[in-house]
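Here's the structure, in structure tokens; my notes come after.
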Amino acid sequence: MDEQALLGLNPNADSDFRQRALAYFEQLKISPDAWQVCAEALAQRTYSDDHIKFFCFQVLEHQVKYKYSELTTVQQQLIRETLISWLQAQMLGLQPEKTFIRNKAAQVFALLFVTEYLTKWPKFFFDILSVVDLNPRGVDLYLRILMAIDSELVDRDVVHTSEEARRNTLIKDTMREQCIPNLVESWYQILQNYQYTNSEVTCQCLEVVGAYVSWIDLSLIANDRFINMLLGHMSIEVLREEACDCLFEIVNKGMDPVDKMKLVESLCQVLQTAGFFSIDQEEDVDFLARFSKLVNGMGQSLIVSWTKLIKSGDIKSAQEALQAIETKVALMLQLLIHEDDDISSNIIGFCYDYLHILKQLTVLSDQQKANVEAIMLAVMKKLTYDEEYNFENEGEDEAMFVEYRKQLKLLLDRLAQVSPELLLASVRRVFSSTLQNWQTTRFMEVEVAIRLLYMLAEALPVSHGAHFSGDVSKASALQDMMRTLVTSGVSSYQHTSVTLEFFETVVRYEKFFTVEPQHIPNVLMAFLDHRGLRHSSAKVRSRTAYLFSRFVKSLNKQMNPFIEDILNRIQDLLVLSPPENGYQSLLSSDDQLFIYETAGVLIVNSEYPADRKQVLMRNLLTPLMEKFKILLEKLMLAQDEERQASLADCLNHAVGFASRTSKAFSNKQTVKQCGCSEVYLDCLQTFLPALSCPLQKDILRSGVRTFLHRMIICLEEEVLPFIPSASEHMLKDCEAKDLQEFIPLINQITAKFKIQVSPFLQQMFMPLLRAIFEVLLRPAEENDQSAALEKQMLRRSYFAFLQTVTGSGMSEVIANQGAENVEQVLVTVIQGAVDYPDPIAQKTCFIILSKLVELWGGKDGPVGFADFVYKHIVPACFLAPLKQTFDLADAQTVLALSECAVTLKTIHLKRGPECVQYLQQEYLPSLQVAPEIIQEFCQALQQPDAKVFKNYLKVFFQRAKP
């Protein structure tokens with residue numbers, strides 16, 4: 001062994017040594033006999049350093065896992081003997097090995113086991129047991145090996161090939177026949193021997209029993225001697241958590257419903273007699289969390305039994321099962337209401353399934369109704385925040401409570417299905433009594449009262465939020481609660497959780513304000529003052545900005561009387577805060593987007609005449625334009641890169657805000673109808689000069705590009721005069737990413753305006769293509785993944801552009817570029833179809849080729865195109881699918897093949913018998929295709945149904961590929 005390299009295994013070694021050790025490990029993995037040196041070192045205990053021992057096991061592991069079949073019988077025997085002699089040495093050593101070495105050794109044993117058990121080493125377990133006997137160190141290793149074998153055979157998280165899965169099934173079957181009873185006997189002996197003297201080994205053994213129970217004969221474990229021992233462990237503090245988990249696995253095992261019911265009932269009887277059902281006497285929350293999981297398992301098992309018995313028509317046994325379930329409900333409720341959320345969370349499954357049973361019963365007994373009410377009260381109580389919850393700095397505990405609340409919400413929804421009237425009445429009772437005295441009530445109780453009202457909206461579903469029509473009693477109850485919410489003054493409560501819940505609920509029940517619009521002014525004031533957008537908490541301000549925009553959008557018909565007042569009140573929130581004056585604005589720029597959108601919605605949907613709308617829109621956008629001009633000048637002069645970046649950010653925000661106001665327009669309310677075209681054209685003129693700014697190009701171009709996309713939709717042809725100069729600037733010294741983002745803009749213009757932009761497209765077609773080719777031809781590092789990906793994406797964008805041009809009936813744009821350029825373009829499309837293994841681009845290329853053949857492939861097409869079809873397009877349809885990289889099992893590739901079929905069909909359609917003749921007599925023979933297959937191919941091509949040919953083509957290439 002290279003002693004120098006081994007020094008690098010120590011975690012404290014410097015990086016050079018560590019690199020050397022890694023290289024050495026790789027070298028040993030490849031070497032045909034290095035494993036023997038490692039095996040010898042382990043068997044003879046050559047090294048005392050833990051990291052070297054671990055390293056030796058890693059080399060052995062690699063050998064067994066990947067190269068075992070290359071070894072001779074003698075060498076395989078040597079590995080077995082090495083492991084057994086290492087195991088024997090463990091009995092005698094002064095100190096046990098470190099845990100990480102024992103675990104690695106167990107993994108190697110397990111790998112060898114799955115490789116050899118069925119063939120060379122059927123006595124695996126007997127050999128190991130004869131070495132370890134009841135020696136505590138040996139037993140520890142034996143149990144670790146069993147756990148490693150279980151994870152090799154049944155671990156759901158490990159992905160196995162179908163071959164491995166078959167092998168694993170065979171191993172389990174063989175083990176059941178040959179050795180499982182002996183293993184179970186060994187576990188019993190270990191438990192009996194060590195239960196009072198070695199808790200660590202006992203817990204390990206219980207874990208093994210729990211793991212194996214899922215796939216061995218249950219009667220070996222679920223019998224008096226085992227169960228009594230496990231129940232005994234439930235009373236030993238250091239063992240009871242593991243014993244609980246073990247019982248859980250036993251209860252969870254699939255079995256006959258009646259037998260399962262008997263097993264669960266006998267367990268419950270013993271546990272109850274031993275006092276385990278008296279939850280309030282138990283202090284240890286960790287144990288109670290496991291116990292709650294066990295009770296949940298027993299409850300759900302009984303419910304599964306009940307379901308099966310009902311299905312099979314055994315009503316008598318089903319009745320007994322239901323009786324058994326009912327007797328566990330009191331215990332379930334105690335665990336559900338427990339102050340520790342983990343304990344409560346573990347029982348929710350049983351609770352949920354129990355409610356599902358009640359939902360199926362036609363009539364509920366008084367006791368069942370009382371249970372429903374008790375669950376409801378428990379859920380309401382457990383939804384409440386505790387004192388420790390940190391609202392300003394939410395960490396892991398807070399995240400866990402949020403998750404737990406989601407589970408409770410599912411219970412609440414299920415309660416609503418069982419008894420909607422009861423839920424509504426209970427929430428109303430809690431809500432009304434809490435809001436009557438909100439000033440003197442703790443924040444968490446006020447929050448949960450409003451939260452429950454909020455949750456009713458989903459628990460009692462209606463279509464399109466119509467909570468205030470239809471069922472009169474429900475509508476009036478919700479209306480009463482909403483009226484109380486908005487008139488009680490609770491929006492002034494001094495806690496962020498209550499404030500947020502208030503606004504969330506107001507927005508969720510926005511339809512209430514169409515029934516009682518008199519409350520709108522009060523709610524608007526809450527949004528606009530220190531309770532909402534001017535709250536001291538940034539979190540509240542941010543969320544309110546979003547909710548305010550939703551509130552205004554959904555009630556835009558009711559907003560008319562308040563528009564100017566709102567616009568005046570939000571004036572200061574619209575200010576574009578420049579980076580230099582240290583002014584901390586109330587809202588972040590993301591939040592300001594919502595305020596701008598809201599302002600736009602108010603103006604556009606108002607009942608004002610167009611000239612008034614124009615004035616208001618100009619008032620909204622002029623400050624942005626003025627600020628933009630000043631900041632752009634400053635940017636041109638800025639020296640410091642950090643300052644450049646913050647100025648560019650600010651410019652980008654200005655463009656983004658203007659873009660966002662335009663979201664308010666619709667087909668009914670267009671920019672023209674609102675008289676706002678001029679304002680947005682002014683914006684365009686203000687923003688476009690940023691494209692020629694040499695600094696911070698990326699961020700500025702991206703903002704202006706987005707604005708142009710919006711304006712093409714909003715201003716339609718009025719935007720066209722600006723496009724040529726904008727394009728020219730965007731094509732100057734650009735990178736792959738710039739082009740990739742610029743092309744969709746040109747595609748949008750081409751698809752929307754078609755013939756109107758033909759002159760512009762003809763003029764910029766070759767400059768755009770040259771910019772693209774220049775970037776694609778730039779040399780890049782061979783293994784630079786990101787550069788390769790950027791080029792691939794740019795290639796796709798380029799082909800998408802050609803597809804848009806040809807698909808929008810604009811093929812003359814290409815045709816008018818001069819013969820040489822046209823040929824260059826066509827050659828790139830052929831290359832895209834054949835040379836690059838990118839099925840998305842290949843599909844687009846075949847779509848372009850089909851279109852060009854359809855347009856130019858007839859008798860009156862451009863000179864020389866027919867030749868091009870036979871010399872290049874036809875071959876492309878064969879060469880692409882014949883490539884090794886063209887994977888017919890991949891869905892995207894199949895789509896590309898489908899377009900390839902369309903191309904061939906189109907050629908046949910345009911060229912007729914001449915095409916068939918060419919394939920029959922020239923092209924297919926040149927590929928060495930057999931005459932009968934050529935015949936078959938040409939017949940399929942001539943079928944009128946295109947689908948027949950598509951299916952045939954796939955089979956044709958599957959046969960042709962080795």
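Everything numeric in this text was worked out from a predicted model, so none of it was measured.
Taking CG of L183 as the reference point, atom CZ of F126 lies at 7.5 Å (rounded to 0.5 Å). Note that the CG atom of L478 and the CZ atom of F431 stand 10.0 Å from one another [nearest 0.5 Å]. Atom CD of Q407 and atom CD1 of I348 lie 4.0 Å apart (nearest 0.5 Å). Put simply, CG on D256 and CG on L309 are 8.0 Å apart, with the number rounded to the nearest 0.5 Å. Taking OG1 from T169 and CD from E164, the interatomic distance works out to 11.5 Å, rounded to the nearest 0.5 Å. The CD1 atom of I227 lies 11.0 Å from the CE atom of M229; values are rounded to the nearest 0.5 Å.
In plain terms, the two heavy atoms of F443 and V498 that are nearest each other are O-CG2, 3.7 Å. When every heavy atom of M332 is checked against every heavy atom of F350, the shortest pair comes out as SD-CD2, 3.7 Å. Listed here is the closest heavy atom pair of A321 and L302: CB-O, 4.4 Å. Across every non-hydrogen atom of V131 and I84, the tightest pair is CG2-CG2, 4.1 Å. Heavy-atom minimum distance, I303 versus D353: CD1-CB, 3.5 Å. A416 approaches A459 most closely through the heavy-atom pair CB-O, 3.3 Å.
Side chain of K53 to main chain of I101: no donor-acceptor pair is present (N/O by atom type, distance under 3.5 Å, no hydrogens or angles). Judged by distance alone, the side chain of D340 and the main-chain N or O of V285 form no donor-acceptor pair under 3.5 Å. Side-chain atoms of E398 come within 3.5 Å of backbone atoms of N390 as a donor-acceptor pair (strictly under, hydrogens ignored). Under the 3.5 Å distance criterion, the side-chain polar atoms of T384 are left unmatched by any main-chain donor or acceptor of E445. Side chain of S432 to backbone of R429: no donor-acceptor contact under 3.5 angstrom is found. Side chain of S292 to backbone of L288: no donor-acceptor contact under 3.5 angstrom is found. In terms of modelled atom types and a separation under 3.5 Å, the side chain of K328 and the main chain of A324 share a donor-acceptor contact. Side chain of D386 to main chain of Y389: a donor-acceptor pair is present (N/O by atom type, distance under 3.5 Å, no hydrogens or angles). Checked by atom type and distance alone, the side chain of N223 pairs as donor or acceptor with a backbone atom of F226 at under 3.5 Å. Listed for the R102 side chain is a donor-acceptor partner under 3.5 Å among the backbone atoms of E97.
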Are E320 and K260 close enough, and set up right, to give a salt bridge (charged side-chain N to carboxylate O under 4.0 Å, His left out), and what steps lead you there? CA-CA 12 Å; E320 284 172 31; K260 173 63 73 78; over 6 Å; no

Apply side-chain contact (heavy atoms from CB on, under 4.5 Å) to the pair L239 and M234, showing each step before the final yes or no. CA-CA 7 Å; L239 303 181; M234 290 285 285; over 6 Å; no

Verify side-chain contact (heavy atoms from CB on, under 4.5 Å) between L247 and L231, making sure each step is shown before the conclusion. CA-CA 9 Å; L247 285 170; L231 289 167; 4.3 Å; yes

Report the C-alpha distance between I180 and D217 in whole Å, list the side-chain angles of each, state the deciding distance to 0.1 Å, and finish with yes or no for side-chain contact (heavy atoms from CB on, under 4.5 Å). CA-CA 9 Å; I180 289 293; D217 176 4; over 6 Å; no

Test log, rule side-chain contact (heavy atoms from CB on, under 4.5 Å), inputs L452 and L456: CA-CA 6 Å; L452 285 165; L456 279 181; 5.9 Å; no

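In this structure, M91 places its CE atom where more than 12 heavy-atom neighbours from other residues, nucleotides or ligands lie under 6.0 Å away. Heavy atoms from other residues, nucleotides or ligands lying under 6.0 Å from CD of E396 number 12 at most. Atom CD of E185 sits in a crowded spot, with more than 12 heavy atoms from other residues, nucleotides or ligands closer than 6.0 Å.
Using cut-offs of 30° and 60° on the angle between ring planes, the pair W86 and F57 is perpendicular. By the 30° and 60° cut-offs, the orientation of the rings of Y212 relative to W215 is tilted.
Between Q272 and L331, the closest side-chain pair of non-hydrogen atoms is not below 4.5 Å. A heavy-atom distance below 4.5 Å is found between the side chains of D127 and K123. Using a 4.5 Å cut-off on side-chain heavy atoms (C-beta onward), S235 and F276 make contact. In this structure the side chain of E207 never reaches within 4.5 angstrom of the side chain of D245, judged on heavy atoms. In this structure the side chain of V209 never reaches within 4.5 angstrom of the side chain of V184, judged on heavy atoms. L383 places a side-chain heavy atom less than 4.5 Å from the side chain of M455. Within the 4.5 Å cutoff, side-chain heavy atoms of I236 are placed close to those of Y196. Proximity of F125 to L146: side-chain heavy atoms (C-beta onward) are separated by under 4.5 Å at one or more points.
Looking at N371 and Q367, their side chains do bring a donor and an acceptor atom within 3.5 Å of each other. Counted by atom type alone, Q319 and K316 present zero donor-acceptor pairs between their side chains at under 3.5 Å. Side-chain N/O atoms of S312 and D314 include no donor and acceptor closer than 3.5 Å. One side chain, S344 or Y404, offers a donor N or O that lies under 3.5 Å from an acceptor on the other. Between the side chains of E326 and Q368, at least one donor N or O sits under 3.5 Å from an acceptor N or O. The closest side-chain donor-acceptor pair between Y117 and R167, if any, does not fall under 3.5 angstrom. Judged purely by distance below 3.5 Å, without hydrogens or angles, the side chains of E447 and H495 never pair a donor atom with an acceptor atom.
With respect to the salt-bridge test (charged N to carboxylate O, under 4.0 angstrom), the residues R137 and D140 do not qualify. A salt bridge links E458 and K409; the closest N-O separation between the charged side-chain nitrogens and carboxylate oxygens is under 4.0 Å. In this structure, K382 pairs ionically with D341, as a charged nitrogen and a carboxylate oxygen lie closer than 4.0 Å. Of the charged side-chain nitrogens involved, none lies within less than 4.0 Å of a carboxylate oxygen, so that E504 and R451 do not count as a salt-bridged pair. Using a 4.0 Å cut-off between charged nitrogen and carboxylate oxygen, K369 and E373 do not count as a salt-bridge pair. Note on K474 versus E421: no salt bridge recorded, every NZ/NE/NH1/NH2 to OD/OE distance being 4.0 Å or above. Using a cut-off of 4.0 Å between Lys/Arg side-chain N and Asp/Glu carboxylate O, K262 and E265 are scored as not salt-bridged. Comment: D284 engages R240 in a salt bridge, judged by a side-chain N to carboxylate O separation of less than 4.0 angstrom.
Cation-pi geometry between R290 and F248 is not met: the NZ or CZ atom fails to fall both under 6.0 Å from the ring centre and inside 45° of the normal. Within the cation-pi definition used here (under 6.0 Å to the ring centroid, within 45° of the axis), R405 qualifies as a partner of Y385.
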